[in-house]
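Beneath this line is the structure, given in structure tokens, with notes to follow.
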Amino acid sequence: MSIIQPRTLKGFRDQLPATMTAREQVIETARRVYRSFGFTPIDTPALEYSEILFGKGSDETDKQMYRFEDNGGRDVAMRFDLTVPLARFIAQHVGKLGTPFKRYHVGPVWRGENTQRGRYREFTQFDFDTIGTESLVADVETLVVVHDLFAALDISEFVVHFNSRDLLNGLLEKLSLETESEAVLRSLDKLAKIGADGVRSELRDGGASDGQVDEILALAGLGGANDEIVASLPAIVGDSDTARRGIGAITTVLEGVRASGVIEKRVKLDVSIARGLAYYTGTVFETFLTALPDIGSVCSGGRYDDLASLYTKQRLPGIGGSLGLDRLIAAMEELGKIDERAATAQVFVPLFSSDRVSDYLRLSEELRSAGLSVELYPEGRKLGAQMKYADRRGHRLAVIVGDAEWEAGTAQIKKLDTTESEEVAYADVAARCHALLGAEA
RNA sequence: GUGGCCGUAGCUCAGUUAGGCAGAGCACCUGGUUGUGGUCCAGGAUGUCGCGGGUUCAAAUCCCGUCGGCCACCCCA
């Protein structure tokens, strides 16, 4: 009989303890931050009717969608993000929930695209969104959430780049290029990569005049402090309603972010941030890690005021963000922020003598009842080998009880990061472990 | 989806140009006397060379296919 080769699909991965532990910690931190703003948890199915998802993201997401016929002949698809299912969810349940509605949602999503570092076919997003208000306070809060999130994750160097789609739309109106917005966005997006001249020739090939190109590049080339950029905007984007709305939104968001006490350099107005999924309407943002710019955005989002209108007549504008868990973990791995040792229990109990198994089981459970995490070695191997195991695993304390200690009613507590050990009364073990762990931390 | 590079021990890789017994470092296991890890010393085990086929007396090496990874385009978390 031949064995089946164990393997995983392209873009689908197993998670080992080290990364899974980091993943759980990131999720825990994000959950705490989201909750601190009043977001509440929801969940939705991985599979939806295709009509719910199809045509909602972009041509690209349509192409990448995992879509098939289920056993009952239904045309179904796996979600490619958590925002479109949210729009369906809110249209279906808004009566019960009321607005504004703030929710967070963590789960896997699927896109059948080509893989690369930090880019998988199955990946996890951790979203937060505010539905049912057009108030720019929600836009401000969204950016502040992102800021607090990365601060809480202890990732010191990050910048949230934000923009309003209305800026570029306003300019395009002024230039009568509204119909070319997709193509212009695409070229602009490459500015950093191919330079102003590259963008110029692309736009020219697309039929834009030199004058039009000059104005587009003038907007895209804006740099410097946030306030300087804002000051030069009116002259470039014109004073159409759209342009004025964009400038107004940006001004309000910047003021709000500042009022929230967020450091200026963490939130950067970046007029080249304009892409993202087709459903975005106003504010858009992407978050980059300064140390790893080419891993791409680790947290993006924006305002989508018309998305729910596909499923309901009720007006349900929304704004939110999406934390890319897999990308973030990949970045943390590269930055050496994954602690392999975090995966083990604090206390190690060697199984000193095999004929006292029950005693060790009881000891371990007593320590757990006292709030410690405890790993009991399952075999009565020689003590040296057991200690070596504990050392490799990174337990912080070993509670060693041999025949002599059992008889004396004592236990030895050994700190594994040094070689110090101390003898304590059996009854005091848990308390002493807590004290030692607390002192170290 | 298109194009390029890559896949050898648990890990990082050498060996592929020019076919000729599958290697190194780290990790692992045992020992350095009876109950104590990280250092040191001695010894040891380890491979469907991603998978399938072809060429050849002989394939890790050459050819074809396939799966997976990385990079670029594209797109994005």
Side-chain angles (χ1 to χ4, degrees), chain A residues 2-14 16 18 26 57-64 80-83 106-127 146 182 185-187 189-190 193-194 273 275-278 280 284-289 294-302 320-331 340-341 348-353 356 377 380-407 412-421:
Chain A
S2 69
I3 62 169
I4 298 161
Q5 184 173 10
R7 53 185 188 155
T8 50
L9 283 167
K10 179 184 179 73
F12 289 70
R13 304 167 305 150
D14 289 325
L16 274 56
V26 168
S58 63
D59 293 351
E60 204 61 30
T61 53
D62 282 355
K63 263 186 276 172
Q64 295 170 353
F80 58 85
D81 73 359
L82 298 178
T83 307
V106 60
V109 301
W110 297 269
R111 294 181 196 174
E113 64 181 326
N114 233 335
T115 54
Q116 239 167 87
R117 179 184 59 156
R119 184 172 177 168
Y120 313 100
R121 292 185 165 180
E122 175 181 63
F123 59 100
T124 299
Q125 297 195 322
F126 197 169
D127 282 28
V146 176
E182 275 290 312
L185 283 177
R186 198 170 308 132
S187 300
D189 201 44
K190 297 185 199 162
K193 207 165 290 173
I194 63 179
I273 298 292
R275 302 222 65 196
L277 299 165
Y280 289 129
V284 288
F285 70 89
E286 299 185 9
T287 310
F288 296 98
L289 305 182
D294 24 297
I295 205 159
S297 171
V298 289
C299 185
S300 310
S322 183
L323 177 67
L325 222 54
D326 301 83
R327 213 168 251 196
L328 180 61
I329 301 291
E340 308 246 345
R341 309 203 136 190
F348 178 72
V349 177
L351 204 163
F352 207 130
S353 39
R356 288 192 191 264
Y377 198 80
R381 294 178 69 191
K382 57 185 264 191
L383 190 55
Q386 298 192 45
M387 293 306 292
K388 191 170 179 180
Y389 171 86
D391 186 49
R392 290 270 146 70
R393 277 303 159 96
H395 296 88
R396 293 170 63 195
L397 299 176
V399 173
I400 305 173
V401 193
D403 291 335
E405 284 85 355
W406 285 119
E407 266 152 48
Q412 185 191 143
I413 302 178
K414 184 160 191 164
K415 292 173 76 172
L416 289 169
D417 55 345
T418 64
T419 59
E420 303 162 39
S421 68

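These numbers were taken from a predicted model, which means no experiment stands behind them. Below, chains carry the letters A, B, ... as their sequence lines are ordered, and counting in each starts from 1. Below, all heavy atoms of this structure are taken into account, side chains as well, without hydrogens, waters or symmetry copies.
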- Please give, in whole Å, the distance from B:rG1 P to A:K63 NZ? 11 Å

- Comparing A:L9 and A:D81 on RNA chain B - which has the more 5′ nearest nucleotide: A:L9

- Output yes when a side-chain donor or acceptor of A:R327 lies under 3.5 Å from a complementary backbone atom of A:G118, and no otherwise. yes

- Task: State whether the distance check finds a donor on one side and an acceptor on the other, under 3.5 Å, for side chain A:R327 versus base B:rC76.
- Result: yes

- May I ask which nucleotide in the shown strands pairs with B:rC21, Watson-Crick or G-U wobble, both distances under 3.5 Å? none

- Message: Just to verify, what does A:D81 make a side-chain hydrogen bond (donor to acceptor under 3.5 Å, both in side chains) with, not counting sequence neighbours?
- Response: A:Y279

- Task: Take atom CZ of A:R117 and atom P of B:rG68, then tell me their distance rounded to the nearest Å.
- Result: 21 Å

- Message: Could you check whether the side chain of A:R111 and the base of B:rC75 have a donor-acceptor pair of N or O atoms closer than 3.5 Å, going by distance alone?
- Response: no

- Integer angstrom distance from the C1' of B:rG4 to that of B:rC40: 48 Å

- Message: What is the distance, to the nearest angstrom, from the CD1 atom on A:I295 to the P atom on B:rC71?
- Response: 9 Å

- Query: Where the side chain of A:E60 is concerned, which of B:rG37, B:rG68, B:rC74 is the nearest nucleotide?
  - Reply: B:rC74

- Query: Does B:rG1 have a Watson-Crick or wobble partner in any strand here, with both distances under 3.5 angstrom, and which is it?
  - Reply: B:rC73

- Query: When the distance from OH of A:Y120 to C1' of B:rG68 is rounded to whole Å, what number comes out?
  - Reply: 14 Å

Just the table, please: protein N/O against nucleotides 29-35 of chain B N/O, every pair under 3.5 Å.
| from | atom 1 | to | atom 2 | distance (Å) |
| --- | --- | --- | --- | --- |
| B:rU30 | OP1 | A:R381 | NH2 | 3.1 |
| B:rG35 | O6 | A:A404 | N | 2.8 |
| B:rG35 | N1 | A:E405 | OE1 | 2.8 |
| B:rG35 | N1 | A:E405 | OE2 | 3.4 |
| B:rG35 | N2 | A:E405 | OE1 | 3.4 |
| B:rG35 | N2 | A:E405 | OE2 | 2.8 |

- Query: Salt bridge or not for A:R111 and A:E60, using N-O below 4.0 Å?
  - Reply: no

- Item | A:R393 to A:F348 six-membered ring, cation-pi geometry met (6.0 Å, 45°) | no

- Quick one: which of B:rC75, B:rG68, B:rA77 gets closest to the side chain of A:Q64? B:rC75

- B:rA42 - base-pair partner by Watson-Crick or wobble geometry, distances under 3.5 Å: B:rU30

Distances under 3.5 Å only, N/O to N/O: pair up the protein atoms with those of nucleotides 48-51 of chain B.
| from | atom 1 | to | atom 2 | distance (Å) |
| --- | --- | --- | --- | --- |
| B:rG50 | O2' | A:Q5 | NE2 | 3.3 |

- Atom-to-atom span, CD of A:E113 to P of B:rC70 - whole angstrom: 12 Å

- Nearest-angstrom distance from the residue atom CD of A:E122 to P of B:rA77: 17 Å

- Query: Paired with B:rG52: which nucleotide, if any, by Watson-Crick or G-U wobble criteria at under 3.5 Å for both distances?
  - Reply: B:rC64

- Item | Sugar-phosphate only, base, or nothing, as touched by A:T287 at under 4.0 Å among non-hydrogen atoms | nothing

- Item | Shortest non-hydrogen contact from A:Q386 toward A:G380 | NE2-C, 3.9 Å

- Rounded interatomic separation in angstrom, taking CG from A:D62 and P from B:rG1: 16 Å

- Item | Whole-Å gap separating C1' (B:rG69) and CG (A:N114) | 11 Å

- Message: My understanding is that a pair needs two contacts under 3.5 Å, Watson-Crick or G-U wobble. By that rule, which nucleotide pairs with B:rA14?
- Response: none

